[in-house]
Amino acid sequence: MKKSHPIRRVMLATAATVSGIVLLLSLKPASDPASASAAGGAAPQQTAAAQESAQGGAAAAQSGTVTGDVVKTQYGPVQVRLTMSGGKISKAEAVQAPSGGTSSQKTELAVPRLNQEAVAAGSADIDAVSGATYTSDGYKQSLQSALDKAKATGGGASSASPSPTGGGSSTQAKTVTGSVVKTQYGPVQVRITVSGGKITKAEAVQAPSGGTSSQKTELAVPRLNQEAVAAGNADIDAVSGATYTSDGYKQSLQSALDKAGG
């Protein structure tokens with residue numbers, strides 16, 4: 001019995017060691033899934049947050065204003081400006097359109113319809129307005145170029161970022177049309193584009209026409225437009241030989257400035 005006693009101790013020690021190893025192996029799988037779950041759970045949350053951020057950035061980029069190319073037609077230039085919201089056209093306007101004589105009348109009839117169709121269609125696939133074919137074609141070409149620019153820049157390259165003081169809207173360009181002023185030789189109406197509180201463009205959408213009036217209008221209106229932009233107000237000189245047109249221009253210009261808040 002005494003001789004077998006050391007062997008018995010070895011056997012007991014071996015049994016204890018084996019039991020310990022089995023116990024460790026049985027505990028290890030239970031801890032691994034938990035750690036794996038904890039490590040793997042953070043990745044989907046970060047991915048979702050990144051996707052949400054990317055989607056939010058894309059939506060913000062699809063809003064703003066974009067202006068199409070100037071298209072020269074037989075009766076004058078045409079240029080379209082779009083306001084985009086959520087990747088769709090929310091507003092369309094012609095910042096340039098043929099004017100003078102019957103062109104002004106056709107422009108007044110055609111442009112509002114073209115603007116409405118552009119918003120409704122959401123594309124340049126719109127019908128030409130009868131009697132204003134050249135204006136309609138020019139409008140569609142400028143509209144398509146504006147849409148191309150909006151698509152290339154994510155929907156609104158000229159969208160203005162609001163300033164901390166809330167004055168961002170004052171830097172956006174806007175177009176305002178003054179009141180119609182009746183003169184001895186015909187109506188005069190001025191449209192201006194204002195950006196940053198300054199006149200960046202002025203044009204007469206109505207002016208006297210017919211006979212010598214057309215000649216005087218062609219000479220006077222471009223000069224009046226330039227002076228309006230240079231002066232930034234209605235305090236401009238009358239053009240010699242076109243006094244009535246000049247006076248009507250100045251009155252309509254002032255009313256446009258009043259509407260623009262200038």
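Computed over heavy atoms, backbone and side chain alike; hydrogens, waters and symmetry mates excluded.
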(message) Test your reading of the model: is there a side-chain donor-acceptor pair from Ser104 to the backbone of Val205, 3.5 Å cut-off?
(response) yes

(request) Indicate yes or no: at least one non-hydrogen side-chain atom of Val66 is less than 4.5 angstrom from one of Arg81. (result) no

(request) Could you pull out the closest heavy-atom pair between Met84 and Gly87, with the gap in Å? (result) CE-O, 3.7 Å

(message) Show the nearest heavy-atom pair for residues Gly178 and Lys259, with the distance to one decimal.
(response) C-NZ, 4.0 Å

(request) Would you indicate whether the side-chain heavy atoms of Gln251 and Lys182 approach each other to under 4.5 Å? (result) no

(message) For Val194 versus Ile192, what's the shortest heavy-atom pair and its separation?
(response) CG2-CD1, 3.7 Å

(request) List the atom of Thr193, the atom of Ala173, and the distance in Å for their closest heavy-atom pair. (result) CG2-CB, 4.4 Å

(request) For residues Val80 and Ala146, report the shortest heavy-atom separation together with the two atoms involved. (result) O-CB, 4.3 Å

(request) Look at the side-chain heavy atoms of Ile, Leu, Val, Met, Phe, Trp and Tyr, link any pair under 4.5 Å apart, and say whether Tyr139 and Leu82 land in one connected group. (result) yes

(request) Kindly say whether Thr67 contributes a backbone atom to a donor-acceptor pair with the side chain of Lys149 at under 3.5 angstrom? (result) yes

Could you give the side-chain donor-acceptor pairs of residues 119-135 under 3.5 Å, partners two or more places apart or in another chain?
from, atom 1, to, atom 2, distance (Å)
Ser123, OG, Asp125, N, 3.3
Tyr134, OH, Gln74, OE1, 3.1

(message) Apply side-chain hydrogen bond (donor to acceptor under 3.5 Å, both in side chains) to residues Gln105 and Gln206 and explain how you reach the verdict.
(response) CA-CA 8 Å; Gln105 298 174 358; Gln206 289 194 64; over 6 Å; no

(request) Look only at the side chain of Ser255 and the backbone of Ser179, and say whether a donor-acceptor pair between them is shorter than 3.5 Å. (result) yes

(message) Can you confirm whether Ile89 sits close enough to Leu147 that some side-chain heavy atom of one is under 4.5 Å from a side-chain heavy atom of the other?
(response) yes

(message) By the salt bridge (charged side-chain N to carboxylate O under 4.0 Å, His left out) test, which pairs, at least two apart or in different chains, include something from residues 133-146?
(response) none

(message) If I compare all heavy atoms of Tyr185 with all of Pro208, which pair ends up nearest, and what's the gap?
(response) O-CB, 3.5 Å

(message) Closer than 3.5 angstrom, by distance alone: can the side chain of Ser90 be matched with the main-chain N or O of Thr83 as a donor-acceptor pair?
(response) yes

(request) Keeping the roles fixed (side chain from Ser252, backbone from Val190), state whether a donor-acceptor pair exists under 3.5 Å. (result) yes

(message) Has Gln79 got a side-chain atom pairing as donor or acceptor with Ala94's backbone, closer than 3.5 angstrom?
(response) no

(message) Within this structure, what is the CG-CG distance for the pair Leu224 and Leu253, rounded to the nearest 0.5 Å?
(response) 9.0 Å

(request) Would you mind reporting whether Ser99 and Thr107 have side-chain heavy atoms less than 4.5 Å apart? (result) no

(request) Flag the pair Arg191 / Val176 as yes when at least one side-chain heavy-atom distance between them is below 4.5 Å, and no otherwise. (result) no

(message) Can you confirm whether Val181 sits close enough to Pro187 that some side-chain heavy atom of one is under 4.5 Å from a side-chain heavy atom of the other?
(response) no

(request) List in chain and number order the residues that pass salt bridge (charged side-chain N to carboxylate O under 4.0 Å, His left out) with Arg113, two or more places apart in sequence or in another chain; answer none if no residue qualifies. (result) none

